[in-house]
Visitor: 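Input: one structure, supplied below.
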Amino acid sequence: MMAENQTQKRIMLVDDSPFIHKALSKALVPAGYEICGTFRNGLQAVEAYGNLLPDLLIMDITMPVMDGVQAAREITARYPGAKIAMLSAMGDEDILAEAKEAGALGFMTKPFANDELLAAVSDYLTK
Amino acid sequence: MQYRFSADDVEMLQAFIEEAGEYLQRVEEELLKLEVSDGTPGVLNDIFRQIHTLKGLASFFGFAEITRLSHQAEYVLDALRSDRIQLNSSIVELLLNAGDALGEMIRLLQESCEKWNAGTVLEIELTCSQDVEKLIQDLESIIPPKPSASGGTMASTTVQDSLEPVGGTPSDCESEDKGTETEASVGQAFNAPNAPNAPNVAVVQEGSDLPVASDRNHVTVNQDTHIDRELMALVKGQASAAAAENFLTDADEHSEIICGKLLIDLDGNPGDMAALADLFRRVHTLKGNLGLLLSFQGPDAPLRAAAKETMEVFQRMEELLEKIRTLRLPVPVWVTDICFACMDALQRLMTMMRSGQMEKDPANPPLLKELVAARDRLDAETSTVPLPNSSVSATAGEPITSSQKGQEDPSLARTNIREPKKDESTSEEASAQKHRDKDLNSNFGGDKSNRAAEKTQGDSSDRNNAKGGSLSCPSKRTGSDSIHGTTGHSIRVSEEKINRLMNAIAELAVTKNAFSQIARKLMMEHNLPVISREVKDAGQWVSRISAELEDAIMAMRMTEVRTVFQKFPRVIRDIALQTGKRISLMMEGEDTELDKTIIDQIGDPLMHLVRNAADHGIEPEAERIAKGKDPQGRVWLRAYSRGKYVFIEIEDDGKGLNPQALKEKAVEKGFITAAQAEDMNETQAYQLIFLPGFSTAKAVSEISGRGVGMDVVRNNITALRGTISISSQLGKGTKLVMQLPLTLVVSRGLMVEVASQMLILPLDNVLETLKVPGERLLMYRGRKLLHHRGEVLGVVSLAEVIGMGQEELTERTPVVIVTDGHMKVGLIVNRLIGEQDVLVKPLPDYLSSLPGMGGGTIMGDGRVALVMNPIELIKMATGTIHKNILKGDENDG
């Protein structure tokens, strides 16, 4: 889980479905993370990233306006240290390689169980 | 399959349901768009994304049916957008069906959630009236099998098969599958313990293999669908009422748009593919809703029999439209007629549901027969016509309804389309046949002009199609915007709740006056100027808030006249059909707003006037042509607001009123004397039509009814504190103008004292107030008259009119001149007190029959004052004048 005695980690969520925002917040907030922003598409994420500079960006792949892979590409181009974890559902598999190449640290699949999600998040944060 | 949710999870479930509903709604809209836009990648991507998201969300709850079906639909969509398969109408149909099935399951979830008692475990039995497995298989069969899938039988394909990464080579994904299958760890997302397939989680990090959610266990899921019938029956019983309610709300909306817009549009422009697509979608939805409604009815429920037939009607209507749509035909007028008849059947069902009296609709079986006949007729008309001669004869045999005359004859266009009649032939076959037909056509040596006509018709219909294709998206949008656009985000609130709020605000408006009275009391009786001042200030604040609340509630009650106007295109169309005239209706200012109460009450009078205009006003076509007018008659319906009034005009370019004929008729019927008729100018003569029992139509027609009309119309309008005036020009047309107040609730009144009673005269009807010396009132045949501004004004004592004695005439007798819009009468009162805002409340039933009383209001000091109805007062006053004059005449003679 989350490392003790650390300042609260800030996580930014990007998914076109508010349901996912809710589901992620429900898992992350009780575990002591701060959700510093939620966005509905890749473009919003690109625009907001610089202002928020979160510790971790969790982002969906299939989104309107700008998809997650493109957004990851643009964010890592400007902020090479950005930590991005992609959320994927079944069906996104073929894009995962592309997402990795775009700078994503790794993937979490939907649906996620809370403990698995938290384990993955803390893992990404310590990278 | 059965699912259980703890109280904690229901919140998430509700969030899911809400979102899923939105996605499905959009999917359906876009699927239909897809057909007319020829598979624009943007639209496909949109649909793909919605379904993809839906699938992702459903997987959180382990809804296997939803996840699998949406996954398969997504897979097909992906194949479509990457051009691996070609779009055709059967694919769209299948996707629509899948969307319907998903929608049905989501609705079932929603209903279960609504029935759920907080704090308990929610158990849901997820079922679907469609065979989900079959749908999944059908969807699978669309995609050509790949070599890698050849091992498994298609019928029992696992999700794994369809999970092949789209871009990857078969061998790659197989190895990947094997690599990650076991790695995918299983957890339970929302502690749904009984969900047989626990949601899977795969957390894969850099360096590890690509994850593929393993769903092997999903495949076995459907085998243990045992249905707890008792539970279902219980749930259904409770859900039934809610379902009926939802059905009615939805059906109302669709009906309005179909009858008020789409069918009218198609009537005017039969090639409007966007309107046809929208119509089809709505009919499809209505059919689905009927099915849903049925699914909540037990086998013996009285609604069942009635709704079942209506559903059959819609089923056939949909088939008919589907056929027209796939053949890309312009919609023939007779199909539009049948569609109207089908919508009427729906209306009848809804009326039955609302009244609770269920019986079989006797009109449905003939309608069903008609629909079958329509289908045959369509088949016959679209079947190959082997020889040019027979094509000519088919044209000649086509009945030409009067409303088509003069325009390009649609029947020509119809016979011109030689789509082979081969039931549900595939698109390739159809297009091949089309080519063959074209060749055949070019070999026809026959009638040249006929061929020329065919050519232009063909071209224009092609153009129509092209237009329908390329413009359908934007035009559809604007179409629906014009109906829904202004609604924005809105909630439905029952009128009763609004009324309650309004009453409370009205009470507040009255109560606030207490502040100033207390302030005065504190000052005068207790000599506390400081506190008095504070109370007064507080009162002013409350006043301001109260005024704001009044404004807000008024705004809430404001409704667009569109809600009344939208039924008129149909009315005009029906009249045109019945009378054989050609009439077009022009509506302007539909977004003008009026108080809901007024909107509700102008419907009937307006209907009467519009019918009059179309039926009596507009001349038959031959007559118009003889007069050198445009053969197509026009009726205008306009609404606009000026100041505190809304005006509604009904104008026609018909024959106009003949003032001489009106006078003769009035004399003949004994309403006026010949001498009176002599004196009347044209404007006065037109007013005669508002007399009770006056009708100019020699033959009473089915449409405009008998001469009960105009006086009733006028009474209805005046009851709304409005006025109506008429102007006309013989041979040119007639125009009626209604002037209506914006709102009925708050009005300004003039308070007067009569026989030591406080009475209020609505300021709308007060022209002026005077103080006249008693001696200036002349007596003539027992009546008081006053020379005022060059006119002779009848004056009566208000107290006398309402039977409360008589005022003394003084040096400065107060007289209030009131009008009903045409007549002026002076009312003598005791004292003029002042203007004030009044909230008129209706009198209780046992007092409402008192003549001259319009209502009551509570004054600032808590006392009650009666609000007079000046129109009735004038009638009462002039009634006596009238009688006396007649008596006088008799005596003289």
Visitor: What pair of heavy atoms forms the shortest contact from B:Glu11 to A:Lys26, and how long is it?
Guide: OE1-NZ, 4.5 Å
Visitor: For A:Arg40, enumerate each residue passing the side chain to side chain donor-acceptor pair (under 3.5 Å) test, keeping only those at least two apart in sequence or located in another chain.
Guide: none
Visitor: For this output row, return yes or no: ring centroids of B:Tyr23 and A:Phe19 closer than 6.0 angstrom.
Guide: no
Visitor: Are B:Leu57 and A:Ser17 packed together at the side-chain level, in the sense that at least one heavy-atom pair is separated by less than 4.5 angstrom?
Guide: yes
Visitor: Distance check, rounded to the nearest 0.5 Å: A:Ile61 atom CD1 versus B:Arg49 atom CZ?
Guide: 14.0 Å
Visitor: Does CD in B:Glu18 sit with more than 12 non-hydrogen atoms of other residues, nucleotides or ligands closer than 6.0 Å?
Guide: no
Visitor: With sequence neighbours excluded, what pairs up with A:Asn41 under the side chain to side chain donor-acceptor pair (under 3.5 Å) test?
Guide: none
Visitor: How about A:Asp16 and B:Thr53: do any of their side-chain heavy atoms sit closer than 4.5 Å?
Guide: yes
